[in-house]
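Notes for the one structure printed next.
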Amino acid sequence: MASKTAAKDIITLRGSAAIVSEFFGVVWYSILYNRAVYPEESFARVKKYGLPMLLTKDEGVKSFISNLNAQLSEWLEAGKLQRVVLVIMSMNTGEVLERWNFSIETDNEVVEKGVSREKSDKEIMREIQAIMRQIASSITYLPCLDEQCVFDVLAYTDTDVAVPFTWMESSDAKLIANPQMVKLHSFDTKIHKVNTLVSYKNDEEELDDEE
């Protein structure tokens, strides 16, 4: 009599950190492309998460993001990363135009006791696909960035984390006054849950009521 076995997808802390840091590696490029921070010709088309994606060909940006994600992965595995924010600013004035906020909820039992969790890789990928589709459609609701822009990344960690020498401790949260906000989908590895929110400058002036 034939038999069959079914394997469950076991998620470890290290595996979850790798999934989340890989997501960040792709999502930064997706935002930079869709918000036209860099010209279209500086990106190359690839396939990731079952979707067409564009990754930068700029070696400087690739090196920055690679080093960034290596550090984020280390903090994720230690359970010390609370939030990551990609900030888009005007190159000329430094004014903050958009903040892409990724808040992270960590299962502390996994960090402290080394236990694992179960979740299908396909289910995680579907959740990530939903976020990527929302970012790709962001041009339909976000204001046009009609000036040259630059970006920066802020990482919020537990207070007991030492700041690496390649990073700079900052008290400037690069906030937007009275921003508009759009909440996007989240994804959850059962160890790290990533919630996504974009806030942007509202250029619409409020009109005074007139009788």
Side-chain angles (χ1 to χ4, degrees), residues 20-40 42-43 53-56 58-76 80-105 128 131-132 134-159 161 163-187 192-204:
V20 177
S21 60
E22 182 180 40
F23 162 78
F24 283 139
V26 177
V27 81
W28 305 143
Y29 292 132
S30 183
I31 293 169
L32 295 176
Y33 172 79
N34 284 287
R35 302 307 295 138
V37 175
Y38 292 96
E40 184 175 353
S42 68
F43 290 84
M53 297 282 177
L54 289 118
L55 302 184
T56 185
D58 185 297
E59 292 300 327
V61 177
K62 284 166 66 175
S63 177
F64 174 85
I65 289 180
S66 176
N67 292 331
L68 165 67
N69 287 348
Q71 182 59 69
L72 295 181
S73 181
E74 183 179 319
W75 284 331
L76 284 163
K80 300 293 187 180
L81 187 62
Q82 301 173 1
R83 186 155 43 113
V84 188
V85 182
L86 185 144
V87 182
I88 297 177
M89 302 167 288
S90 164
M91 177 179 284
N92 293 326
T93 67
E95 182 181 15
V96 177
L97 305 175
E98 289 180 10
R99 296 177 89 254
W100 292 81
N101 185 91
F102 300 86
S103 61
I104 299 151
E105 300 172 25
I128 292 175
I131 297 172
M132 292 301 180
Q134 284 183 312
I135 293 171
S137 66
S138 64
I139 56 172
T140 63
Y141 58 84
L142 291 176
C144 179
L145 298 177
D146 54 2
E147 58 183 302
Q148 195 165 4
C149 295
V150 293
F151 79 99
D152 198 2
V153 176
L154 309 176
Y156 295 76
T157 65
D158 291 358
T159 55
V161 170
V163 178
F165 74 93
T166 53
W167 288 65
M168 180 176 65
E169 194 164 3
S170 174
S171 58
D172 182 6
K174 301 186 185 300
L175 299 175
I176 301 170
N178 302 314
Q180 294 287 332
M181 299 184 184
V182 178
K183 186 177 181 181
L184 307 184
H185 288 298
S186 61
F187 82 92
H192 297 103
K193 182 178 182 181
V194 180
N195 301 298
T196 310
L197 174 77
V198 58
S199 56
Y200 57 95
K201 181 185 174 187
N202 181 16
D203 286 327
E204 295 181 5

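Hydrogens, waters and symmetry mates are skipped; everything else that's a heavy atom, side chains included, is used. Worth saying up front: this structure is predicted, and the values here are computed from it rather than measured. We number each residue from 1, following the sequence as shown.
Partners of D158 according to the side chain to side chain contact (heavy atoms under 4.5 Å, CB included) rule, which considers only residues two or more places apart in sequence or in another chain, are K80, Q82, D160, V161. The side chain to side chain contact (heavy atoms under 4.5 Å, CB included) test applied to S199 returns R99, I176, P179, M181, not counting sequence neighbours. Considering only residues two or more places apart in sequence or on other chains, D152 meets the side-chain hydrogen bond (donor to acceptor under 3.5 Å, both in side chains) condition with none of them. Residues passing the side chain to side chain contact (heavy atoms under 4.5 Å, CB included) test with T93, sequence neighbours excluded: S90, E95. The side chain to side chain contact (heavy atoms under 4.5 Å, CB included) test applied to L142 returns R35, E98, W100, S138, V198, Y200, not counting sequence neighbours.
How far OG of S21 is from CG of L72: 7.5 Å, rounded to the nearest 0.5 Å. The CG atom of L54 lies 11.5 Å from the CG atom of L32; values are rounded to the nearest 0.5 Å. With values rounded to the nearest 0.5 angstrom, Q148 atom CD is found 4.0 Å from M91 atom CE. Atom-to-atom distance recorded for N69:CG and E22:CD is 9.5 Å, nearest 0.5 angstrom.
In this structure, a donor-acceptor pair under 3.5 Å is absent between the side chains of N92 and E147. A side-chain donor from one of S30 and N34 sits under 3.5 Å from a side-chain acceptor of the other.
Here the side chains of L81 and R83 are not in contact, with every heavy-atom distance at 4.5 Å or above. Side-chain contact check for L175 versus V96: every heavy-atom pair is 4.5 Å or farther apart. Looking at V26 and M132, their side chains come closer than 4.5 Å, going by heavy atoms from C-beta outward. Between C149 and I88 there is a side-chain heavy-atom pair separated by less than 4.5 Å. Contact check for L68 versus F24: no side-chain heavy atoms found under the 4.5 Å cut-off.
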Quiz item: Would F102 and F187 satisfy ring pair (Phe, Tyr, Trp, His ring centres under 6.0 Å), going step by step from the backbone distance to the final call?
Solution: CA-CA 11 Å; F102 300 86; F187 82 92; 9.1 Å; no
Quiz item: Going through the checks in order, is the side-chain contact (heavy atoms from CB on, under 4.5 Å) test met by V194 and S186?
Solution: CA-CA 5 Å; V194 180; S186 61; 6.0 Å; no
Quiz item: Under the side-chain contact (heavy atoms from CB on, under 4.5 Å) criterion, do V84 and W28 qualify, and how do the steps go?
Solution: CA-CA 11 Å; V84 188; W28 305 143; 3.5 Å; yes
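For Y38 and Y33, the distance between ring centers is not under 6.0 angstrom. Between Y29 and F43, the distance from one ring center to the other does not fall under 6.0 angstrom.
A side chain to side chain contact (heavy atoms under 4.5 Å, CB included) with T196 is found for exactly one of V27, L184, I135, namely L184.
When atom types are taken as modelled, the side chain of S137 and the backbone of Q134 share a donor-acceptor pair closer than 3.5 angstrom. In this structure, H192 contributes its side chain and L76 its backbone to a donor-acceptor pair below 3.5 Å.
Applying the salt bridge (Lys or Arg N to Asp or Glu O under 4.0 Å) test to residues at least two apart or on different chains, the pairs with a partner in residues 59-74 are E59-K62.
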